[in-house]
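These values consider heavy atoms only, across backbone and side chains, with no hydrogens, waters or symmetry-generated copies. Position 1 is the first residue of the sequence, and the numbers go up from there.
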Amino acid sequence: MSKYKVTAVIVNYNKDPYISQCIESVINQSLQSIEIIIVDDGSTDNSGIISSRYAAAHPHVRYLTQENKGVSSARNKGLSYAQGEYVAFLDADDYVSADAYEMLYKAAVKSDADTAVGNFECFNEYRTWHLAYMKKVFAKGLPAVRHISTHQELHLTPSVSNKLFRREWLLQQKIVFQENLQIGEDLLFTQNALHLSNKTAMCNYPVLYYRVNEEEHTLSKQATLAFFEQLVLVQKELKQLYDSLHRQNELVHIEKRQLDFFLSSLFRKAAAFSKEQLHELLTVSHAFVHTLTEKSLLDQLDSKNRLLSQIIIQKDYEPFVKLLSSFCKDSFTNELVQQDQKVYSKLVEEYPAYAPWLEIHSLQAEHRIEVIRLEGANLTIGGYAFVKGLSTEDIQKELVFKSKMETKIISLENELRTDVSYLFAHNKINYHHAGFQTITINLVNLLQNGSWNVFLRLKAGGKAVDEPLQVILAQLRNHAKPNITHNVEVSASFSANSQMSVRVKKVNFLEKCISKLTGIKRAVRYDVSFLKKRDYHTFSAIVLYKLFNRLYRNKSIWLIGERKDTAQDNSYHLYTYIRTNHKHQNAYYVIDKNAEDYQRIKHLGNIVHFNSLKHTLYLLVSHKTINSYSEASNMYTTAYKNIIKYYPEWQQNEKVFIQHGVIGVSRVNHVLHKNRMNYSQFVVSSPFEKKHIVKEFGYENKEVVVTGLARWDALQDTSKGKEILVMPTWRNWIKTEKQLFESDYWNRYMSLFKNPDFKRILEERDLTVTFFPHYQMQQLIESFPVLGERIRIARQGEETVQSLLKRHSILITDYSTVSFDFAYMNKPVFFYQFDYDEFYSKHYNEGPINHKKDLFGERAEEEQILIDLLEKHPASVNQRAKQISNYIIKEEGRSHSQLLFQQLSGGK
């Protein structure tokens, strides 16, 4: 009997910063009787000393050393000394969870398995994440005990560090690490072990935390010829292994993985090779492709990899260099083109000689249903659909109903959806006409009795794609509850993967009653479920609505709000106007009673506390809900979301969006489109903005009203002519403090504040600067640097944004829409736009207002140009200031709040 249950072999080579965490994670395991063997592979830092100290302090820790021979040699040495029933392998910069080996050991012993596999998480200094392929390894429905010969997903987990291996069995089978391999040693070991294992126990638990260190200089991270030569060697060893196991027919699964890895590595690393090295790389690549047993794998590749593989087979050097170069420059898209009634990868335009391998024989479609309602016999449906990679300009769309006997087809009209191009192609492929106009169909008139599967058909390049129509959101599906009209029941059903079918059925009186009773029972079960979960808030709101909804709806309640803890923006100013001038209007303001802004608004009365029962009830019975931010994200209670998910027909209020900035600088139709938000009224600042919303957001003319922003009523210039406000917007690719400090974004502003000429201007003109960092920046930084006597940093909560705008005389910003508020007061704005292209490709989708040409202030891309502009001010005349009138309205005698109220109340 083994002395230990598990032996953990830790291999170390110069892991001084991490090794203590690794060793202690094993020492502190919940599983008792663990042996720890640390093998030092010739370290030159202090990690060896640290390891030896642990060995001296703990009798179950053993410390071994060797000259630097590589990780395979070190693991084999540790294995030869191991005494545990099972053995685990761990790298010194990773660590394991507290009960990792207990979980793996119990799983292995329970099923008497030779091998056990656990889940793991990757991490770096910024974040922790799961690898997508591990979701396939632990997908729902897969058994807890498997074998790699019948479960291909086990090929996706080559690491040894998330596994246990029965030690005696390893020795009997002579399974060791190949010491001539510097890459793929884990893969070859696990392939051998998992094939020879009697069974593999699965443990869906994060046993390992794998450190992703981009600064490592291991061979796998380097762009060298040796890296690719090692991959060829691994491929040869794999073929030899499968030959020895007499499982050549199973080699295809791991060869597919290796082929994908080899080709993707070419695209990632080729930029570092010289022209002479690329010649050698092509030769090595040719050798790799010819080692493949299953050449049919080449036909299964996507277009760019299929092209690359054919270039490699033909040893075509110039296209090889050209293709790898274009991908390294990120100049490729997945765009498709139509030629002679055929569809090809866009690469065919540059590589016409390879057209046979670039033809696309099977098109893939993408769609989203955003609107669906079943009312009586009428089915209303809307959304978008496109063929992946193919411009939507010439795509025809049809709604198809199929029964066993016949097919019915309804043509769909295309609708402009520029947001789809942004969401799915970063504007590199024209999906602008992906939308289809919302259509209402009488199913009784169209379909015979029976069941019908529903499809979206897209026609392109002489081909047609029938995509089963899916309705993903449960709330949308609940808009399609069964209906009975004129003795015909129309119902919709959805499969496990949300695919839709409809049924048309004639019913008699008894069947009507049964259907009605079934609906009531379903609703009662849903209602009572909240009572069982002790969610009395939701249950009470449902009961109160069913009892009193008609009474409350007659009160014409307006529910107004912003974020749950704010009263500063357009909603606040509109509410102030209503409570001051139109108290007869039954308006209420929603805010958290613990918010600082609560004190600002409570004196106006009619306050509804956020997340109260009254809040949920008023959401259900209100005539209008009015918000300057996204209503669902900022105004809904959890109870309300639960209720309208099942009872979407209860949401009868008119939703009014009064904005918190001018739309047009950036396109936000992917967030605010009619199909997604379904606003009854969309308030805008100018006819220009209205035209944009009607054209690209799916709203009708009558649904978009021009009143300007209510908060502009309070914009009164109180500046003294000596104050500069610096207020940049955010960059959403910055996630951590370290990334911020290393970013061009941070360094540009710090450089400006430290610039001697900038400081001189402040001194000579007796100016002061207030730097108001975006709240995302303030969340990342605990303390800001001291920027000088004349430069103050304003923190969130110290002063409202509107107060800052009013009391400063000059604004320096980049792309923020606060520039409109500032220019509204006829004060100068300077736009410092040093990263224009990056911002409008990574942060926002550029709108119809061109920030380079169309705005109302001086613009600079470089620091010195900005300083020169400040130097000339106020002597220089801003030639573009008049353009503010294009984007805002001012009406003499009536405030924006008054205009807005009159629109909301139906007045003139």
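- Asp744 and Asn747 are not linked by any side-chain donor-acceptor pair at a separation below 3.5 angstrom, with hydrogens and angles left out of the test.
- A distance of 6.0 Å or more separates the ring centres of Tyr422 and Tyr844.
- Side-chain rings of Phe89 and Phe189 approach one another, their centers coming within less than 6.0 Å.
- Taking both residues in full, the closest heavy atoms of Tyr13 and Asp41 are given as CD1-O, 3.1 Å, listed atom of the first, atom of the second, then distance.
- Put simply, the side chain of Leu187 reaches to within 4.5 Å of the side chain of Gln258, judged on heavy atoms.
- Taking CD from Gln178 and OG from Ser72, the interatomic distance works out to 8.0 Å, rounded to the nearest 0.5 Å.
- Judged purely by atom type and a 3.5 angstrom limit, Lys5 has no side-chain atom pairing as donor or acceptor with the backbone of Tyr105.
- For Tyr4 and Tyr86, the gap between ring centers reaches or exceeds 6.0 Å.
- Taking the six-membered ring for Trp and thresholds of 30 and 60 degrees, His843 and Phe839 have nearly parallel ring planes, at less than 30 degrees apart.
- Side chains of Gln739 and Thr736 form a contact here, defined as non-hydrogen atoms less than 4.5 Å apart.
- Taking the six-membered ring where tryptophan is involved, the planes of Trp730 and His774 are essentially parallel, since the angle between them stays under 30° and well short of 60°.
- For Asn28 (side chain) and Glu24 (main-chain N/O), a donor-acceptor pair under 3.5 Å exists by modelled atom type.
- Thr157 and Asn162 form a side-chain donor-acceptor contact under 3.5 Å, judged by distance and modelled atom types alone.
- Atom OG1 in Thr65 sits 7.0 Å away from atom CG in Asp40 (nearest 0.5 Å).
- Listed for the Ser43 side chain is a donor-acceptor partner under 3.5 Å among the backbone atoms of Asn14.
- Residues Arg167 and Glu35 are not paired through a salt bridge, judged by the lack of any N-O separation under 4.0 Å between the basic side chain and the carboxylate.
- Gln29 and Asp99 are not linked by any side-chain donor-acceptor pair at a separation below 3.5 angstrom, with hydrogens and angles left out of the test.
- Using a 3.5 Å distance cut-off with no hydrogens or angles, the side chains of Glu102 and Gln32 do not pair a donor with an acceptor.
- Ring planes of Phe120 and Tyr210: perpendicular class, angle over 60° (limits at 30 and 60°).
- For the residue pair Thr115 and Ser197, a side-chain donor N or O sits within less than 3.5 Å of a side-chain acceptor on the partner.
- Here Ile36 contributes atom CD1 and Ile34 contributes atom CD1; the two are 7.0 Å apart, rounded to the nearest 0.5 Å.
- Salt bridge status for Arg748 with Glu862: present, with a side-chain N to carboxylate O gap under 4.0 Å.
- The pair Asp186-Arg75 meets the salt-bridge criterion, since a charged nitrogen lies less than 4.0 angstrom from a carboxylate oxygen.
- Not a single donor-acceptor pair under 3.5 Å links the side chain of Lys738 to the backbone N or O of Lys735.
- Residue Trp169 comes nearest to Ala193 through the heavy atom pair CH2-O, 3.2 Å, listed as atom of the first residue, atom of the second, then distance.
- Using modelled atom types, one finds a donor on one side chain and an acceptor on the other under 3.5 Å when comparing Arg268 with Ser265.
- Note: Tyr242 and His155 have parallel aromatic rings, judged against thresholds of 30 and 60 degrees for the angle between ring planes.
- Note: Tyr749 and Tyr745 have perpendicular aromatic rings, judged against thresholds of 30 and 60 degrees for the angle between ring planes.
- In summary, the side chains of Ser47 and Asn12 do present a donor paired with an acceptor at a separation below 3.5 Å, with no hydrogens or angles considered.
- When atom types are taken as modelled, the side chain of Gln277 and the backbone of Ser274 share a donor-acceptor pair closer than 3.5 angstrom.
- Each salt bridge (charged side-chain N to carboxylate O under 4.0 Å, His left out) pair with one or both residues in residues 111-123, not counting sequence neighbours, appears once here: Asp112-Arg166, Asp114-Arg166.
- Ion pairing of Asp94 with Arg211 is absent here, as no side-chain N (NZ or NE/NH1/NH2) approaches a carboxylate O to less than 4.0 Å.
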